[in-house]
2 protein chains.
Amino acid sequence: MSRGQLKVSYGIGEFSKIVDISIDTLRYYEKEKLIVPERDKSNRRSYTDRDIKWLNFIKRLKKTGMPIKNIKYYAKLRYQGDETIDERLKLLYDQRHRLEADQIELQTHINFLDAKIETYHQIKHNLQKQKSIEASSN
Amino acid sequence: MSRGQLKVSYGIGEFSKIVDISIDTLRYYEKEKLIVPERDKSNRRSYTDRDIKWLNFIKRLKKTGMPIKNIKYYAKLRYQGDETIDERLKLLYDQRHRLEADQIELQTHINFLDAKIETYHQIKHNLQKQKSIEASSN
DNA sequence: TTAGATTCTGGAGTGCACTCAATGTCAAGG
DNA sequence: CCTTGACATTGAGTGCACTCCAGAATCTAA
């Protein structure tokens with residue numbers, strides 16, 4: 001605020017639409033301490049622009065297959081401030097390594113499927129031959 | 001059997017060890033009709049060598065992220081015989097396409113993490129500068 | 001002012017993929 | 001014959017990540 005950024009805030013409904021996550025899920029994430037918004041005078045959740053970025057990051061991490069437990073740990077570090085940056089970096093590096101491993105595994109699965117597909121084509125081919133033999137023996 | 005392969009059969013305990021899947025999970029898979037072994041005179045499950053191959057294939061599909069529902073459909077086709085080969089091929093191709101898509105997505109996640117890691121290094125760098133300024137002003 | 005919309009909380013329910021527990025059957029070995 | 005061990009069934013329980021519901025409070029617009 002001291003830097004003059006106009007601080008906009010959003011109610012849960014509006015925020016839900018912006019980040020495309022259901023209201024119930026947002027409240028669930030809050031229970032899990034992934035994102036803990038401020039409250040206004042009448043106890044309603046008040047999300048900020050920063051929360052939008054944070055939630056999009058969470059969505060990313062989720063899509064990389066990171067379980068909520070881990071994201072939660074990341075969130076905890078984040079809410080603790082700058083002195084946890086190294087720890088957060090470590091988490092990010094770990095996840096990156098995991099994804100690299102996933103990449104390799106994925107390739108082996110694709111190769112496997114290709115092999116399987118090939119054998120099926122073989123089987124089809126053999127069945128075809130079978131049929132033509134039957135046909136010629138009539 | 002006409003081709004002279006010695007047909008060995010395994011009880012559920014032995015089979016469980018061979019394929020490295022718990023007995024409970026095997027029974028669960030049977031309930032879901034993924035793998036339906038014969039029974040002996042006293043109603044015990046009797047798995048074959050073919051079942052070992054089939055189960056290893058199931059494990060593969062599972063690892064590629066295919067849900068049990070889909071594998072179940074594949075299993076149903078398989079138990080129906082040769083005339084379902086085209087349909088099974090289609091399933092395999094679909095899954096292959098999914099994996100290709102996963103591969104691309106995975107790459108974007110990795111890129112994203114790299115970018116995030118980079119910004120963290122920037123932040124660290126800035127904090128460092130901050131500190132040295134503070135130090136020199138003393 | 002008042003109806004309707006939005007939000008609040010606590011708690012129950014869902015779907016998936018197992019996992020475990022209780023109770024029962026059966027063939028083989030001492 | 002009787003115990004033991006592997007197997008059988010049914011049904012309940014677990015963990016994850018939501019998703020839904022009831023009842024109450026608060027906000028907004030006519």
Side-chain angles (χ1 to χ4, degrees), chain A residues 8-48 51-52 54-76 95 98 102 109, chain B residues 8-48 51-52 54-76 95 98 102 109:
Chain A
V8 188
S9 74
Y10 312 93
I12 197 168
E14 198 184 355
F15 189 69
S16 162
K17 273 166 205 152
I18 292 168
V19 296
D20 193 31
I21 288 194
S22 82
I23 290 176
D24 278 320
T25 301
L26 286 172
R27 290 200 269 244
Y28 166 67
Y29 284 176
E30 185 171 345
K31 210 176 63 188
E32 292 300 317
K33 302 220 218 5
L34 294 196
I35 182 162
V36 185
E38 310 272 290
R39 300 299 183 107
D40 66 14
K41 342 81 206 166
S42 53
N43 198 36
R44 273 137 184 246
R45 289 166 180 84
S46 167
Y47 294 91
T48 67
D51 288 327
I52 294 174
W54 173 225
L55 208 350
N56 282 328
F57 182 56
I58 289 174
K59 283 169 73 178
R60 261 304 169 165
L61 291 182
K62 278 196 62 56
K63 282 208 268 177
T64 71
M66 194 186 275
I68 282 193
K69 258 179 93 129
N70 290 41
I71 301 177
K72 184 176 179 167
Y73 178 54
Y74 189 97
K76 192 180 150 215
Q95 186 65 8
R98 249 188 300 277
D102 287 354
H109 293 328
Chain B
V8 189
S9 76
Y10 313 93
I12 197 167
E14 199 184 353
F15 188 70
S16 163
K17 271 167 206 151
I18 291 168
V19 295
D20 194 32
I21 290 196
S22 81
I23 289 177
D24 279 320
T25 301
L26 286 173
R27 291 201 266 245
Y28 166 68
Y29 284 176
E30 185 171 345
K31 208 176 66 189
E32 292 299 317
K33 303 220 218 3
L34 294 196
I35 182 164
V36 185
E38 309 272 289
R39 302 298 184 106
D40 65 14
K41 340 83 210 164
S42 53
N43 198 36
R44 269 124 189 258
R45 289 166 180 84
S46 168
Y47 296 90
T48 67
D51 289 327
I52 294 174
W54 173 226
L55 207 355
N56 282 327
F57 181 55
I58 290 173
K59 284 168 75 179
R60 255 317 164 156
L61 292 181
K62 278 197 63 53
K63 280 207 270 179
T64 70
M66 194 187 274
I68 280 191
K69 259 181 93 129
N70 291 195
I71 301 177
K72 185 175 177 168
Y73 179 53
Y74 189 96
K76 192 181 151 215
Q95 187 65 8
R98 249 189 299 277
D102 286 354
H109 294 327

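Proteins get letters first, then strands, A, B, ... in listed order; numbering begins at 1 in each.
Ring geometry for B:Phe57 against B:Tyr74 counts as tilted: the plane angle lies between 30° and 60°, on a 0 to 90° scale.
B:Tyr10 is not listed as a side-chain neighbour of B:Asp51, based on a closest heavy-atom distance of 4.5 Å or more. Counting heavy atoms from C-beta on, the side chains of B:Tyr73 and B:Lys69 never come closer than 4.5 Å. With contacts defined as side-chain heavy-atom distances shorter than 4.5 Å, the pair A:Phe15/A:Ile23 does not qualify. With contacts defined as side-chain heavy-atom distances shorter than 4.5 Å, the pair A:Ile12/A:Arg27 qualifies. Side-chain atoms of A:Lys63 and B:His109, non-hydrogen and from C-beta on, do get closer than 4.5 Å to each other. At a threshold of 4.5 Å between non-hydrogen side-chain atoms, the residues A:Ile58 and A:Leu61 do not count as touching. The shortest side-chain heavy-atom distance between A:Leu55 and A:Leu26 falls under the 4.5 Å cut-off. Two residues are said to be in side-chain contact when any heavy atoms from C-beta on lie closer than 4.5 Å; A:Tyr47 and A:Val19 fail this criterion.
The stretch residues 11-27 of chain B comes close to DNA chain C through B:Asp24, B:Thr25, each having a heavy atom under 4.0 Å from the strand. Listed in residue order, the members of residues 63-73 of chain A having a heavy atom less than 4.0 Å from DNA chain D are A:Pro67, A:Ile68.
Each of A:Asp40 and B:Glu30 lies near DNA chain D, and the nucleotide nearest B:Glu30 is the one positioned closer to the 5' end. Position along DNA chain D of the nearest nucleotide to A:Lys41 versus A:Tyr29 favours A:Tyr29 as the more 5'-ward residue.
With rounding to whole Å, A:Tyr10 atom OH is found 18 Å from C:dT6 atom C1'.
Of the possible donor and acceptor atoms, none in the side chain of B:Glu30 sits under 3.5 Å from a partner among the backbone N and O of B:Arg45. With B:Ser16 contributing its side chain and B:Ile21 its backbone, the two residues share a donor-acceptor pair below 3.5 Å.
Within a 6.0 Å sphere centred on NZ of B:Lys17, other residues, nucleotides and ligands contribute 12 heavy atoms or fewer.
Pairing each heavy atom of B:Ser22 with each of B:Thr25, the nearest pair is OG-OG1, 2.8 Å. Here the closest heavy-atom approach between residue A:Leu34 and residue A:Trp54 is recorded as O-NE1, 2.8 Å.
Protein chain A touches strand DNA chain D; the 5'-most and 3'-most nucleotides with an atom under 4.0 angstrom of its non-hydrogen atoms are D:dA17 to D:dC27.
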- B/S/- along nucleotides 22-30 of chain C (protein heavy atoms under 4.0 Å) is ----B----
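Using a 4.0 Å heavy-atom cutoff across all strands shown, B:Lys31 reaches no nucleic acid atom at all.
Remark: B:Asn43 engages B:Arg39 in a side-chain hydrogen bond (donor to acceptor under 3.5 Å, both in side chains) (not counting sequence neighbours).
One axis for each end of the helix from C:dT1-D:dA30 to C:dG30-D:dC1, each built from five base pairs, and the angle between them comes to 20° at 10° resolution.
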